[in-house]
Amino acid sequence: MGKQLDKTYDPAAIEGRLYQKWLDNKYFHAKVDKSKKPFSIVMPPPNITGKLHMGHALDNTMQDILVRFKRMQGYETLWVPGTDHASISTEVKVTNALKEKGIDKHEIGREEFLKHVWAWKKEYGGMITSQLKKIGSSCDWDRERFTMDEGCSKAVRQVFVNLYNKGLIYQGNRIINWCPVCHTSLSDAEVEYEEQEGHFWYINYPIVGEEGRYVMIATTRPETLLGDTALAVNPDDERYRDLVGKMVHLPLTDRDIPIIADSYVDREFGTGVVKITPAHDPNDFEVGRRHNLEQINILNDDATMNDLCGKYAGMDRYAAREAMVEDLKKQGLLVKVETIRHNVGVHDRCHTTVEPMVKKQWFVKMNDLIRPAADAVRNGEIRLIPDSMKSTYFNWTDNIRDWCISRQLWWGHRIPAYTCDECGALTVSAEPLTKCPKCGSTHITQDPDTLDTWFSSALWPFSTLGWPDKTPELEYFYPTSVLVTGYDIIFFWVIRMIFSGYENMGQAPFKSVLFHGLVRDSKGRKMSKSLGNGIDPLEVIDKYGADALRASLISNTTPGNDMRFYYSRVEACRNFANKVWNASRFVMMNDPDNAVKAGDKRPVHFTDADKWILSRTNRIVREVTDNLENFDLGIAYDKLAGFIRDVFCDWYIEMVKPRLYQTNDAQDRRTALWTTKNVLITLLKLLHPFMPFITEEIFCTVQDAEESIMISSWPLYDETLSFPQEEEDVGRVMEAVRGIRNARTQMNVAPSRKAKVYVVSENPAVRQAFEKSGQFFATLAFASEVAVQADKTGIDDSAVSVVIRDGEIDMPFADLVDIRLEIERLKKEEARLTGEVMRSQKMLSNEKFLAKAPAAKVEEEKSKQKNYQDMLAATKQRLADLQK
RNA sequence: GGGCGUAUAGCUCAGCCGGGAGAGCGUCUGGGUCACAACCAGAAGGUCGUGGGUUCGAGCCCCGCUGCGCCCACCA
C-alpha cells in the first residue's frame, strides 16, 4: 500500500515540514557551476524596522515563482536574501523606543546609541526574513546579507572613494530640506507634501528715503523675514520698474535691503514682489546666488530662532511667527491676513514640517552617471515590465539633480572622509585612517555624517556577490537576471542601482525589472498602521495556507498595477488547492499500490479521451512556459488553474471514471491510469512555482517517493503528444454533452434519472466522433445508453442535435422545451450566425486580409465559415419545422 | 503647472500580434453524486466611460472630452 492523502487539504500540517525538508537537502543553495546557466535574483532587502506585510508577500511570491521555475528548468539559481539597515527609519524607531524608557539619544551619545541600535537589529532584524520562509521563499539563506555587514560596508566605502577620486562626489553649501525633529537633511524624495491651512501675511516694507512709501509683499512664513536680504520684482513689471535698485528697510531689524529684478518672480502671483530669503527657501537660494546676496541663517537645528534674531532668539519658529506678526501689527506694517490652503513639505517618516536650510552636504554629481542608465533602458539593454514604466523612468533621468548623500544621522555608513585637525587636509579613504597622509598628524576627525540609506542599497546587486573583491560568485551570477520590486521605489532605488551597476561593474545590474503595484485593502485604500487596515500575511497563511495566499496575490493581476486584497479571493484559491488535492486523491485511490508510474513506458492504445487530454496538457505546458518566460505570472497562473479545474478535473476525470471503476479491461485500465497520472504529474510541476507546498506533498505521496518536485525537471512541449484530430473530436462530444445538460436543466430532468440518449446527425464526422469517443459520453450526459444514428427520427438534424428518451416516453429534445422559448432562442441564434457568416464572408473576400494574414489564420477562418454556414442552415431548418 | 496610469458583468479585475466579450466572487435554478459540499451541473447579467478618426474589421491603434488614481514640481 502506498501513502494516503487525507480527505481535505490541511496546509498547516505540511508546510513547516516541507520547508524544513528543502532546507535540510540544501535545495535553495546555489553553487558556481559553469556547466549550468546561471539565474540570479537579489531580493529587495526589507527594512529591519518592519515585519512582513502584504507588499513583501507579493514581492517575494513573484520572485519565488521565477526562481522555482528556472530551477526546474535546470538553471543554477541563486536568490540572495537580506535586510536593509534603513538608516533614518531605524534611527527614528530606536530613538522613540529609548525615549519611552526615559533614555535620551543625545545624552547617551553616539557610541552608546549605536550599541542600542545593534542590539535592536539583533533582536528584530531577522524577523522579516524568517517570516519570508513561511510563504515558501526558496532563497539561499547561506548567503543572507545585511547592508551594514562587513562586506557591504567595504563596498560602500570603496564606491565613495572611487566616485570622489573621479570628482563625482563633492561637498557644497546647498539649500537642503532639514527635519528639525530628526536633525538631519532629507533628500527631495524623502519630503512629502501635505495640503494644510495657512495664511498669507501682507507686509509693508518702508522704502528708504521716501517717507510714507511702502512696498507690500505677501508671505506664508513671516518669521523668515529676519533672513531677508532683498526684495525682488519681475524686470518686466511696469508697476515696480522705478523701484529696482532702491533700498527698503527690513521691518523689526536695523537692516536695509535692496530691491532687485529677477525673472523668477511671477507678476500675477501675490503682490508681484517677493521677499528673498536665500538661506531658507530653495528658489530664493538660487536668486541669491544669481545676485550675490548674503545668506543669513536665522534658525537653529531644532527650528528655534538663533542668536541673530534679537528678541526672538530661542523662540520656536511658530512662536516667533506669532510674536513677529503681533509686532508688525503694532508698527502698522501688517496690511492684511488671508487664509489659504497650500502645500507644505513634511518629512515622510515623522511628518514634521521641513525647514529649508543652507548646510554643507555631500553630493553626487549626476549628469554623467545617469547617461548610461538612461541609455540602457532606451536601447533595451534593460527591460522594464510593464513597458509604460519607461516613461516614468525617463521623466526622472531627464530631470536629474545632484544627489545629496549625507545625512546627519548616527545609524548608517559613516562617510569615509577625514579632516586633519592640524593641517586641515581632507582625505577620503576606504580604509580607516589613523593619521593625516599629508602632515602625518594623528589628530584627525572623521566626518560625523552618515550616508543616505539608498547609497548602500544602490550597490546591492554586486556588493552581495562580494564586490569589490573579484569573487567567483560575482563573475558567475552578475549581472543578475531580474529585479522584482514595487514601482514606488523606482527613483529611490532602481535607477540608482542601474547607474551604480554601470559605474562600478561596467554592466547593468539586471536584465529585466518586473514591477508590481501596491496591495491595497478591499476598499482600495493603502494598507497602513494609522488606518489599522493592514492584513497580516501570517494570519492569512495560518488560516488558508501559504499556497492560497500566494495564488491569491498572483491571480488576475498584471504587472505594475495596484491590486486589492480580498479574503474571498484567498478562499477561492484555497478551494482550488483542495481541488488539486482531491483530484490527486482520486488518482491514488484507483492505484493504491502505485502499480502504474508516471515514468512508465507509454501505452499503445490510447482512447480519444486520452489523446485529447494529453494533447491539451501538452499545449498548456507550452503556454504556461511562454507566459512565465515573459513574466506574465498572472496569466500563467489563471490559465493553468483554469485548465486544471475545468479541463482536467471537470471533464477528463469524469470521462475516465468508468474505465477505472470497471476492471474488465485491464489493459485499458492501465492506459487510463497512465494517462491520468502523467497528466497529473505534469500539471503539478507546472503548478509548483505558484503553489510549492501542496504540489510537493502530492508529488511525493502519489509517487510514493521522497524526491522533491523542486528539483524535478520542468515539462517540455512534446511533438509526439500533439493530437489535433482527437482534440477536435472530443471537443464535439463535449459540445453535445453541454447541450444535453442544458436541456435537462431546462426540462427539470434530474441527473439521477438515467435516460437513453440518441445522438442524431447527418454529419458523418459528428457520428464518427461519437462512435469513436462516445464511451464516456453516457456518463457525462447522465445517460444509461447512447445511440448514434444518421436518420432523423422525426426531429431536427443539426450538428449537435440529440434526442433524449426518458423513461417510457420518447421525448424529442425540441418537444421538451417550451416551443415559444425555443423559437426565441433559435431566432437569436439565427441572427448571431447570420452575422458570423457575413463577417466571415467579408473577411474571406477581402484581398488585403488574404494577402496579409498568415495562412493558418485564413484556413481557420475558412473552416469557421463552413461551420457557421452549416449551423445556420440547421438552425433555419429547425425554426421552420417548429414554426409549422 | 508637468508627467504617467486607468475607465470592461452587481463587486474586484484579466483580456497577448486589431479578427469569436473572459475569470473569481456574488445572484438565480437543479442536484446527498462512488476525488472533492472547501462539491457538481446549468443559467441570468456587459452600448467595453464618452465623442470623433484610421481600418474590410477596434475593448485593443490615433485625436478630443469627462471621471478616478498616482508620481514629479512647489507660487513667495
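All of these numbers come straight from a predicted model, not from anything done at the bench.
Of the possible donor and acceptor atoms, none in the side chain of A/Arg550 sits under 3.5 Å from a partner among the backbone N and O of A/Met691. With A/Asn630 contributing its side chain and A/Asp632 its backbone, the two residues share no donor-acceptor pair below 3.5 Å.
A close approach under 4.0 Å does occur between a side-chain nitrogen or oxygen of A/Lys579 and OP1 or OP2 of B/C40. OP1 or OP2 of B/C36 has at least one side-chain nitrogen or oxygen of A/Lys7 nearer than 4.0 Å. Side-chain nitrogen and oxygen atoms of A/Thr558 include at least one within less than 4.0 Å of the OP1 or OP2 phosphate oxygen of B/G15. The phosphate of B/C13 has OP1 or OP2 within less than 4.0 Å of a side-chain N or O from A/Arg564.
Between A/Val354 and A/Val346, the closest heavy-atom pair is CG1-C, 3.8 Å. Taking every heavy atom of both residues into account, A/Phe648 and A/Ala583 meet most closely at CE2-CB, 4.4 Å. Counting all heavy atoms, side chain and backbone alike, A/Tyr9 lies closest to A/Phe693 at OH-CB, 4.2 Å. Of all the heavy atoms in A/Ser584 and A/Val702, the pair that sits closest is CB-CG2, 4.2 Å. Taking both residues in full, the closest heavy atoms of A/Cys649 and A/Ile653 are given as O-CB, 3.4 Å, listed atom of the first, atom of the second, then distance. Across all non-hydrogen atoms, the minimal contact from A/Val265 to A/Gly272 is CG1-O, 3.5 Å.
Residue contacts for A/Asn561: at a heavy-atom cut-off of 4.0 Å it reaches the sugar-phosphate backbone alone, with no base atom in range. When heavy atoms are screened at a 4.0 angstrom cut-off, A/Arg401 is found touching the sugar-phosphate backbone but no base atom. A/Tyr264 comes within contact range of at least one nucleobase, with a heavy-atom separation under 4.0 Å. Looking at heavy-atom distances under 4.0 Å, A/Asp650 makes contact with sugar-phosphate atoms alone, never a base. Among the protein residues, A/Cys649 comes within range of the nucleic acid bases, having at least one heavy atom under 4.0 Å from a base atom. A/Glu654 comes within 4.0 angstrom of a nucleotide base, judged by non-hydrogen atoms across all strands. Among the atoms of the strands shown, only primed sugar atoms or phosphate atoms (P, OP1, OP2) are found under 4.0 Å from some heavy atom of A/Ala572.
How far CD of A/Glu571 is from NZ of A/Lys543: 7.5 Å, rounded to the nearest 0.5 Å. Taking CD1 of A/Ile694 as the start and NZ of A/Lys579 as the end, the distance is 12.5 Å to the nearest 0.5 Å.
Just one of A/Trp396, A/Phe394, A/Trp403 meets the ring pair (Phe, Tyr, Trp, His ring centres under 6.0 Å) condition when paired with A/Phe491; it is A/Trp396.
Between A/Asp237 and A/Arg267 no salt bridge is recorded (no basic side-chain N to carboxylate O distance below 4.0 Å).
Out of B/A38, B/A76, B/G22, the shortest distance to the side chain of A/Arg574 is found at B/A38. When each of B/C25, B/G2, B/U12 is scored by its nearest atom to the side-chain atoms of A/Asn395, the top-ranked nucleotide is B/G2. The listed nucleotides are B/A38, B/A76, B/C71; the one nearest the side chain of A/Asn575 is B/A38. In the set B/C70, B/G22, B/C36, B/C36 carries the atom at the smallest distance from any side-chain atom of A/Asn578. For A/Arg645, the listed nucleotide lying nearest its side chain is B/G24; candidates were B/C36, B/A76, B/G24. Side chain of A/Asn556, nearest nucleotide from B/A14, B/C71, B/A76: B/A14.
A straight line from CE of A/Met588 to C1' of B/C36 spans 15 Å, rounded to a whole angstrom. As rounded to whole Å, 15 Å separates atom C1' of B/C36 from atom CD1 of A/Ile644. Residue A/His516 contributes atom NE2, which lies 16 Å from atom P of B/C13 at whole-angstrom precision. Between the P atom of B/C61 and the CG atom of A/Asp387 lies a distance of 13 Å, rounded to the nearest Å. Between the CG atom of A/Asp646 and the P atom of B/A23 there is a distance of 8 Å, rounded to whole Å. In this structure, A/Arg585 atom CZ and B/C39 atom P are separated by 14 Å, rounded to whole Å. Atom CZ of A/Arg569 is separated from atom P of B/G24 by 11 Å (rounded to the nearest Å). In this structure, the CE atom of A/Met563 is 14 Å from the C1' atom of B/C25, given to the nearest Å.
Residue-environment remark: NZ (A/Lys639) exceeds the threshold of 12 foreign heavy atoms within 6.0 Å.
In textbook terms, a nucleotide whose glycosidic angle is within 90° of 0 is syn, while B/C39, being further out, is anti.
Taking atom P on both nucleotides, B/A37 is separated from B/G19 by 41 Å, rounded to a whole Å. The separation of B/G64 from B/C70, taken at their P atoms, amounts to 24 Å, rounded to a whole angstrom. As rounded to the nearest Å, B/C13 and B/U8 have P atoms that lie 10 Å from one another. Spacing of P atoms, B/G10 relative to B/G46, comes out at 7 Å, to the nearest Å. Nucleotides B/U47 and B/U66 have their P atoms positioned 24 Å apart, rounded to a whole Å. Between the C1' atoms of B/G20 and B/G59, the separation comes to 14 Å (whole Å). B/A73 sits 35 Å from B/A14 when the C1' atoms are compared, rounded to a whole Å. Using atom P as the reference point in both B/A43 and B/G22, the two lie 12 Å apart (nearest Å).
Ranked by how close their nearest RNA chain B nucleotide is to the 5' end, A/Arg520 and A/Asp562 are led by A/Asp562. Sequence order on RNA chain B of the closest nucleotides to A/Pro11 and A/Lys639 puts A/Lys639 first from the 5' end.
With a cut-off of 3.5 Å on both pairing distances, the Watson-Crick and G-U wobble pairs of RNA chain B assemble into stems of 3 or more at B:1-7 with B:66-72, B:10-13 with B:22-25, B:27-31 with B:39-43, B:49-53 with B:61-65.
Sorted by residue number, the list of members of residues 624-638 of chain A with any non-hydrogen atom under 4.0 Å from RNA chain B is empty.
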